[in-house]
Amino acid sequence: MPELPEVDVMKTGLEELVVGKTIESVDVYWDAIIDQPSVDEFKKDLVGDQILDVRRRGKYLIFKLSNHDLVSHLRMTGGYSLETNDLEKDKHTHVIFHFEDGSHLLYHDIRKFGRMYLMDRNESKNFTPLLKLGPEPTMEDLDFMKFITELGDYNIPIKSLLLDQTFIAGLGNIYADESLFRAKIHPLTPANQLNRGQTVKLYYAITDIIRIAMTEGGSSIRNYKNAFGEQGNFQNYMKVYGKEGEACQVCFTPIEKIKVGQRGTHFCPQCQVEAAL
DNA sequence: CATGCGTCCTGCAAGC
DNA sequence: TGCTTGCAGGACGCAT
């Protein structure tokens with residue numbers, strides 16, 4: 001499932017593969033992928049647009065086109081690939097951008113949760129979902145003191161807060177669980193009950209985990225691949241995600257899995273103790 | 001306003 | 001073996 005590091009890898013791949021290409025036509029095979037405008041307008045408006053740049057904000061991709069901004073969210077299973085020779089679409093290919101040079105950019109998405117939003121040029125800066133995003137989980141963007149202070153504003157489980165994109169943009173279930181393990185914080189601990197030491201550890205855990213995941217090309221679980229069809233390596237660094245029942249690498253206690261805010265949550269019951277109240 | 005839950009989807013795995 | 005059931009989860013919409 002693409003989280004920030006995986007989307008970033010996809011962005012880098014797309015930059016190399018499609019910048020400079022001009023769209024000749026667009027096919028849409030699953031209408032719900034196109035959130036705005038209508039499918040007909042989407043297909044019509046993109047004709048003749050040239051791809052100038054590809055950017056990322058949180059888990060969103062932003063294609064900067066000569067006449068539009070195209071915002072794309074991959075959600076669970078979305079992804080892009082470029083076909084330069086024969087067009088090989090399968091049942092999971094839902095949108096195809098045909099380029100004037102004869103190549104094709106395919107959007108595929110098994111679960112069909114992904115969404116695309118087309119708007120006028122430079123209007124993504126006024127696009128509400130992007131405006132609401134919190135800071136990037138990097139040391140450059142995530143202000144240390146602000147992070148520490150704002151944790152005290154939320155009386156919800158810290159795991160749930162880490163998944164709130166308006167608090168921090170880009171963390172998903174994997175990196176939230178891995179960050180909490182690294183910081184030795186129990187996922188159910190209310191955010192406003194973390195002590196000073198825990199908040200500091202959490203800041204560095206999040207930024208470290210994301211930095212490592214980005215340098216390792218993201219994670220490849222459930223066959224996730226980047227725009228080049230390559231896999232990432234961060235799954236080799238995972239300590240708790242998907243490891244329920246396995247011995248903790250630190251203390252050998254079996255990793256447990258619980259539900260927090262309807263989401264599967266993995267943690268070590270020995271290393272990640274609840275805050276002392 | 002803050003929080004919680006159902007919804008969208010398909011593939012896979014577990015259970016009988 | 002073959003069927004049914006449940007689970008995976010990001011973000012939104014609606015309810016409380």
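If you're wondering where the values come from, they're calculated on a predicted model, not measured in any experiment. Numbered from 1 within each chain, the chains take letters A, B, ... in sequence-line order. Below, each value reflects all heavy atoms present in this structure, side chains not excepted, and no hydrogens, waters or symmetry copies.
Atom-to-atom, CZ of A:Phe127 to C1' of C:dC12 comes out at 11 Å; the value is rounded to the nearest Å. Atom CD of A:Glu244 and atom P of C:dC7 are 13 Å apart (whole Å). Rounded to an integer number of Å, the gap from A:Phe167 CZ to C:dA11 C1' is 18 Å. Distance CG (A:Asp35) to P (C:dA11): 13 Å, rounded to an integer number of Å.
Each end of the helix from B:dA2-C:dT16 to B:dC16-C:dG2 gets its own axis from five base pairs, and the two axes differ in direction by 50°, given to 10 degrees.
In plain terms, the two heavy atoms of A:Gln272 and A:Ile185 that are nearest each other are NE2-O, 2.9 Å.
A:Glu136 and A:Arg56 are joined by a salt bridge, as a carboxylate oxygen and a charged side-chain nitrogen come within less than 4.0 angstrom of each other. A salt bridge does not link A:Arg121 to A:Asp69: none of the charged nitrogens lies less than 4.0 Å from a carboxylate oxygen.
Separation of the A:Phe267 and A:Phe181 ring centroids does not fall under the 6.0 Å cut-off. For an aromatic pair to be called close, the ring centres must be under 6.0 Å apart, and A:His104 with A:His98 satisfies this. Residues A:Tyr175 and A:Phe234 bring their aromatic ring centres within 6.0 Å. Residues A:Phe144 and A:Phe147 place their aromatic rings such that the two centres sit no closer than 6.0 Å. Checked against the 6.0 Å centroid threshold, A:Tyr29 and A:His94 do not count as a close aromatic pair.
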Sequence-aligned protein contact record of nucleotides 3-9 of chain B, with B where the base is within under 4.0 Å of a protein heavy atom and S where only the sugar-phosphate is: S-S--BB
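Residue A:Lys132 is classed as having no contact, given no heavy-atom separation below 4.0 Å to the nucleic acid. Among the atoms of the strands shown, none is found under 4.0 Å from any heavy atom of A:Glu3.
Checking C:dG10, C:dC12, C:dA11 against every side-chain atom of A:Gln165, the shortest atom distance belongs to C:dA11.
Not a single salt bridge (charged side-chain N to carboxylate O under 4.0 Å, His left out) links A:Lys239 to another residue, sequence neighbours left out.
Look at A:His73 and you won't find any side-chain N or O under 4.0 angstrom from OP1 or OP2 of C:dG10.
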